[in-house]
Number of protein chains: 2
Amino acid sequence: MRVTTRGRYAVMAMFDLAVRRSPEPVPLKQIAEHQGLSERYLEQLMAPLRRAGLVRSVRGAQGGYTLGRLPGAISVGDILRVVEGPISPVACVANPLACARTDGCVTRGIWSRLRDRMVELLDSITLADLCQEAASEPSMVGVDDRAGSLS
Amino acid sequence: MRVTTRGRYAVMAMFDLAVRRSPEPVPLKQIAEHQGLSERYLEQLMAPLRRAGLVRSVRGAQGGYTLGRLPGAISVGDILRVVEGPISPVACVANPLACARTDGCVTRGIWSRLRDRMVELLDSITLADLCQEAASEPSMVGVDDRAGSLS
DNA sequence: TCCAATCCCTACGGGAATGCTAGGGTTTCC
DNA sequence: GGAAACCCTAGCATTCCCGTAGGGATTGGA
């Protein structure tokens with residue numbers, strides 16, 4: 001029951017882009033260094049984000065990325081869906097075809113409700129919200145965790 | 001962001017045990033057949049459940065499993081924690097040691113809030129609740145999904 | 001005009017986790 | 001004694017994760 005590094009790194013990169021408020025495109029190298037991530041790996045996450053319109057890219061020297069929409073119009077859920085696929089604790093909730101006995105399943109109801117809760121929260125948090133949080137905690141802009149997961 | 005088959009199968013098995021309300025121990029073979037699961041695989045999930053006291057086992061012929069507590073005192077969260085470990089979308093939320101910069105991390109707050117929501121819901125659903133749901137939908141007792149995940 | 005910075009695309013590969021299967025115990029009732 | 005059950009440990013095929021690598025295309029500036 002874990003968010004992979006794809007999702008976490010993508011959120012970190014998008015957040016980094018949001019706090020800068022730069023009208024000029026920001027090169028990926030800066031974002032990667034600032035957040036302590038592999039530039040090459042991050043590059044792969046930007047491709048789907050660009051295709052989804054969450055970021056805009058400018059090629060060539062002095063190029064880089066800018067947010068595709070206002071920070072208030074980009075939610076964590078948006079980002080996760082792009083780089084990790086549908087937000088769902090089990091397959092059958094997202095795709096009924098994946099389930100043999102899609103009706104008449106009690107446990108299905110659990111995962112469905114869990115999914116709803118997760119989606120509700122993740123779609124309610126925008127990059128603007130994160131920027132506001134960061135503003136009240138100045139230290140919260142830089143390098144982040146990159147470790148595994150326990151809880 | 002998925003619950004593995006360990007978690008799903010364990011919940012299915014525990015539910016199966018709860019709806020029977022049998023004072024006699026139920027052999028695993030029956031549960032496996034009823035829920036359409038591999039008996040051998042399910043066997044491995046019962047071991048930790050037994051050690052955690054969620055089920056009691058009776059060895060030998062006419063043996064099997066019974067619930068270790070009343071259905072109303074066993075939550076889905078209890079079961080998942082036993083077979084899958086701590087409920088958490090990322091490691092650093094469960095174990096601060098797993099995170100280099102545990103403070104000063106905006107994204108960490110996201111996963112922490114997500115974890116809280118998940119735990120809150122999963123701990124609020126008991127086997128008794130599932131039995132009640134099943135009672136109003138008679139078809140909801142048998143074979144369940146075993147497929148992947150999309151959403 | 002060249003060059004460096006940058007984004008872009010594809011492939012590959014090591015390591016860990018998942019989802020079982022298998023073999024061989026031990027206990028208990030009939 | 002034997003069958004039915006639980007119990008314990010290993011192993012293993014597949015998949016996924018988490019990057020690394022190589023090369024190409026585009027653009028601005030010296």
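Sequence lines set the chain letters: A, B, ... in the order given, protein chains first and strands last, and positions in each chain run from 1.
Neither OP1 nor OP2 of dC18(D) sits under 4.0 Å from any side-chain N or O of Y9(A). The side chain of S38(A) contributes no N or O atom lying less than 4.0 Å from OP1 or OP2 of dC18(D). Of the side-chain N and O atoms in R50(B), one or more sit less than 4.0 angstrom from OP1 or OP2 of dC8(D). Under 4.0 angstrom from either OP1 or OP2 of dC6(D) there lies no side-chain N or O belonging to S57(B). Put simply, Y65(B) has a side-chain N or O that comes within less than 4.0 Å of OP1 or OP2 on dC7(D). Phosphate proximity of dA22(C) to Y41(B): absent, as no side-chain N or O sits under 4.0 Å from OP1 or OP2.
Just one residue in the list Q35(B), E39(B), R20(B) forms a side chain to side chain contact (heavy atoms under 4.5 Å, CB included) with Q30(B), and that residue is R20(B).
Across all strands, R51(A) comes closer than 4.0 Å only to sugar-phosphate atoms, never to a base (heavy-atom distances).
The side chain of R59(A) lies closest to dA25(D) when the candidates are dC6(D), dG28(D), dA25(D). When distances run from any side-chain atom of T4(A) to the nucleotides dG29(D), dA10(D), dC17(D), the shortest one goes to dC17(D). Listed nucleotides dG28(D), dA5(D), dG23(C) differ in distance to A61(A); the shortest reach to its side chain belongs to dG28(D).
Separating the CD atom of E43(A) from the C1' atom of dA21(D) is a distance of 11 Å, rounded to the nearest angstrom. Rounded to whole angstrom, the span from the CE atom of M1(B) across to the C1' atom of dA17(C) amounts to 18 Å. To the nearest angstrom, C1' of dT21(C) lies 14 Å from CG of L45(B).
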- Task: Take E43(B) and R40(B) through the test salt bridge (charged side-chain N to carboxylate O under 4.0 Å, His left out) and record every step on the way to the result.
- Result: CA-CA 5 Å; E43(B) 214 172 18; R40(B) 266 351 243 301; 3.2 Å; yes
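The shortest side-chain heavy-atom distance between V119(B) and D116(B) does not fall under the 4.5 Å cut-off.
Scanning atom types as modelled, one donor and one acceptor separated by under 3.5 angstrom connect the side chain of R40(A) and the base of dG22(D).
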